[in-house]
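The block underneath contains the structure these notes are about, expressed in structure tokens.
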Amino acid sequence: MVRIEWIFSNLRFDPAKPLLNVAVNTMLTEGTSILSASQIADQIDFYGAFLQVDYGYDHSQVTLYTLNKHLSSTLPVIKDILTDSIFPESELETFIRNQQQKLQVSLQKNDIVARRAFNKAIYGDTIYGLGADFDDYKTLFRDDMLWHFKQMYQPSNCTILIAGKVDKKALELLTISFGSDWINPTVEANTTQPELKAAYEHLYFIEKPAALQSAIRMGLPSITRTHPDFPALQVMNTVLGGYFGSRLMANIREDKGYTYGIGSGISSLKKGGALFIATEVGADVCKAAITEIEKEINLLKTELVSEDELSLVRNYMLGSLLGSLENVLSHADKFKNIYFSGLGYEYYDQYTQVIRSITAEEVLQMANKYLDLDKFYRVIVGKY
Amino acid sequence: MTDRTTAPEFKDIDHIELIKPDHIELDNGCNIFSFNSGDQ
Amino acid sequence: MVKFNRFTLDNGLRVIVHEDHTTPMAVLNILYDVGARDEDPGQTGFAHLFEHLMFGGSVNIPQYDEPLQRVGGENNAFTSNDVTNYYITLPAANIETAFWLESDRMLSLAFSEKSLEVQRNVVIEEFKQRYLNQPYGDVWLRLRPLVYKKHPYQWATIGKEIKHIEDARIEDVKAFFKKHYNPQNAIMVVGGDINAEQVKQLAEKWFAPIPAGEKYHRSLPQEPEQQKERRETVTAKVPLNDVYIAFHMPGRLEEGYYEIDLVSDILSRGNSSRLHRTLVKDKQLFSEIHAYNMGSFDRGIFVIEGKPLENVTIETAEAAIWEELEKLKQQPVPANELTKVKNKTESTMVFSEMSLLDKAMNLAQFELLGDADWLNKETDKYLAITSEQIQKQAQAIFRKDNASTLIYLAEKVDLVSS
């Protein structure tokens with residue numbers, strides 16, 4: 001069994017045509033000049049393989065899971081998709097209609113609405129801040145998609161990861177299929193992105209009068225994996241809301257029973273990062289929950305973490321890193337984290353080193369440096 | 001009788017080894033990284 | 001092929017050991033033979049609430065999570081209508097901590113009032129978050145009682161209503177523990193970078209002293225054969241109409257289960273599946289449509305769920321689904337298509353063997369069903385199915401008088417986009 005990923009950097013975001021990156025990626029399985037959408041599906045499914053397209057903030061990718069014995073039947077389909085997708089007009093219509101229907105459902109989920117509003121506030125009018133709207137679909141045209149496809153899905157903008165039983169034959173098939181006859185167009189892919197610009201307004205309350213629960217998302221722009229503070233910040237984040245025993249879980253779920261779950265996280269993207277806290281709480285305790293969240297943040301900034309708690313978090317984080325290396329596929333995932341941040345394996349050495357040696361003072365410093373409540377963006381969807 | 005109130009001895013995690021990929025760069029600029037699990 | 005050893009302690013605890021030295025981790029999985037189907041109709045949601053209470057401290061260990069996190073471990077659990085399953089993953093060198101924690105809570109819980117109070121609230125918030133505050137979130141609260149009139153599958157694991165959770169008392173918690181949480185009603189699987197001898201010693205040390213308890217003998221009301229078509233229509237604050245059609249189907253060990261499981265693949269797995277191709281792409285009647293079975297131990301449910309496009313009437317949508325079902329009843333599945341779903345099943349089995357936790361959970365579940373080794377025979381069972389057998393099962397299942405249809409009609413509300 002092998003998993004092969006073809007990963008491409010997204011093209012520069014055009015606010016006038018915001019959906020090109022996502023639409024082109026999602027529709028890669030919808031037809032080439034030789035294969036119709038149903039022929040692509042037939043060929044992949046018949047060999048028991050799985051073909052997935054995934055759009056991300058920085059990269060879009062195509063993933064194939066296949067048994068080695070079927071590689072020679074499944075690889076040509078991927079080759080065809082990546083070199084000759086035609087985005088048939090009729091498929092595009094179906095795509096737009098179905099996406100708009102799904103959007104209607106998403107917009108009734110408070111957590112999704114909160115995430116969209118938060119990203120928009122933190123990242124502004126960029127590829128990270130985009131939350132597709134009904135009207136955005138009117139800007140999708142086949143010609144633009146074809147052009148976008150040709151620019152983006154070219155070999156010099158592609159990184160291939162293959163993991164699993166990678167024998168000589170598998171590698172040979174792969175290099176032959178995606179080697180010399182896969183040619184770059186004359187224009188290089190423009191994968192630069194505009195600078196992020198966070199909004200002036202910091203508070204967003206989207207009222208849903210019938211809500212039983214309110215979704216809360218709060219946080220602020222932050223550093224990325226390339227910053228030397230990142231591992232230490234991750235330790236601080238784990239203490240705050242990064243695991244089941246975290247401060248936020250212990251207080252807001254396990255002590256108060258306000259929520260089924262609460263957590264904090266750091267997203268590290270190419271152009272910038274964000275630190276955020278997200279939860280859904282009983283509508284009647286929304287104010288109280290926010291007060292408790294702020295209390296926990298202030299506590300982290302004013303009082304040293306006990307050695308007992310810190311050593312627990314250390315061990316938890318190391319165990320969780322070890323546990324995330326379940327098989328060779330997860331080793332490939334770890335590589336992606338560093339490779340696409342422009343870092344080497346010394347990142348993980350440094351990361352484990354920081355986890356082992358970080359002091360309570362340093363955690364406190366991280367909290368003071370990166371958890372400025374005055375700079376927090378707050379989104380509440382539901383009742384307040 | 002087994003003492004159930006005290007946690008058993010445990011070991012710190014001292015070594016985490018990551019598998020590094022083999023790398024090929026094709027003439028067209030495409031980079032291939034491979035992670036081989038052997039015959040699993 | 002998943003290799004394992006097994007033994008049974010004197011108190012009845014069944015133990016399975018699966019060595020996998022490709023990972024530095026270990027997993028300890030305990031399956032308790034109790035699910036929402038074992039609940040009192042007046043006290044539903046209890047098995048799941050109880051699962052939460054299992055983390056509220058045990059007789060000798062006040063805090064469950066903390067000592068586990070301290071040794072680099074993680075844990076979680078789930079409750080289904082059939083079983084309750086708990087698992088720990090941790091660095092294999094620290095496996096004894098998992099034995100210590102799990103054996104103490106099998107011995108006895110702390111039964112803390114505070115923990116009960118908090119977890120009641122947490123579960124009520126879970127009820128709201130997953131079942132009430134989501135469009136279509138209440139589907140299982142509606143569909144189960146439509147399909148089941150006698151069998152306790154008529155309620156969802158979260159329970160029939162929030163009140164049942166609010167009413168839970170500490171005496172109920174103690175009684176439930178005594179009845180279901182003992183060695184005789186559990187199966188433990190230990191897997192990963194461990195060896196069978198070590199597991200045997202640790203099991204003897206930590207689990208053998210636990211009293212056997214009483215064996216729970218399940219005797220549930222069986223669901224009578226459905227006699228005529230059932231239907232419910234709800235107008236709700238949902239953005240789109242939604243059609244659910246549910247059919248009674250064979251239980252996990254009954255004849256016909258594998259055939260119907262393959263039918264769900266034929267209808268709905270991947271973009272080449274029949275419902276997607278015909279109803280989403282060719283006829284353009286639905287924006288999405290799925291078919292699946294719940295894998296229930298007793299007679300289960302096969303569900304088809306689809307959201308028709310806005311210009312499509314419910315009648316047209318339903319008729320189109322039935323047309324596909326009629327095809328399955330009237331024509332044998334072509335050889336190519338059958339090979340396709342079998343190939344997919346085969347490769348899925350290969351993929352799932354890459355996950356230690358999946359292997360452990362599957363071994364436990366098959367042991368409960370009868371024999372852990374059935375995990376290794378699973379693929380062959382699918383490969384042996386013929387088109388004729390599928391057709392026969394389709395004819396048996398896809399009848400109007402075996403169908404329960406639930407329709408959501410979208411109440412028109414102003415859509416706030418943001």
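Since the model is a prediction, treat every value here as computed from it, not as a measurement. Each chain gets a letter, A, B and so on, in the order the sequences are listed, and its residues count up from 1.
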[X] portion near chain C, given a 4.5 angstrom heavy-atom threshold:
{"X": "A:Thr66", "answer": "backbone"}
{"X": "A:Lys256", "answer": "backbone"}
{"X": "A:Arg253", "answer": "both"}
{"X": "A:Ala283", "answer": "neither"}
{"X": "A:Val281", "answer": "backbone"}
{"X": "A:Glu91", "answer": "side chain"}
{"X": "A:Leu329", "answer": "side chain"}
{"X": "A:Leu212", "answer": "both"}
{"X": "A:Asp308", "answer": "both"}
{"X": "A:Glu93", "answer": "neither"}

Region of [X] that comes under 4.5 Å of a non-hydrogen atom in chain A:
{"X": "C:Lys281", "value": "side chain"}
{"X": "C:Leu309", "value": "both"}
{"X": "C:Glu288", "value": "side chain"}

Quiz item: Cation over ring, C:Lys344 on A:Phe50, under 6.0 Å and within 45°?
Solution: yes
Quiz item: Do C:Asp65 and C:Phe55 come within less than 4.5 Å of each other through their side chains, counting heavy atoms only?
Solution: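 A side-chain contact exists here, since the closest heavy-atom pair is under 4.5 Å.
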Quiz item: Are side-chain heavy atoms of A:Cys286 and A:Tyr258 found at a separation under 4.5 Å?
Solution: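 No - every pair of side-chain heavy atoms lies 4.5 Å or more apart.
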Quiz item: Pick from C:Asn343, C:Asn271, C:Asn133: which one has the most heavy-atom pairs with chain A under 4.5 Å?
Solution: C:Asn133
Exercise. Would you mind checking if C:Asp20 and C:Lys359 are paired as a salt bridge, meaning a charged N to carboxylate O distance below 4.0 Å?
Key: yes
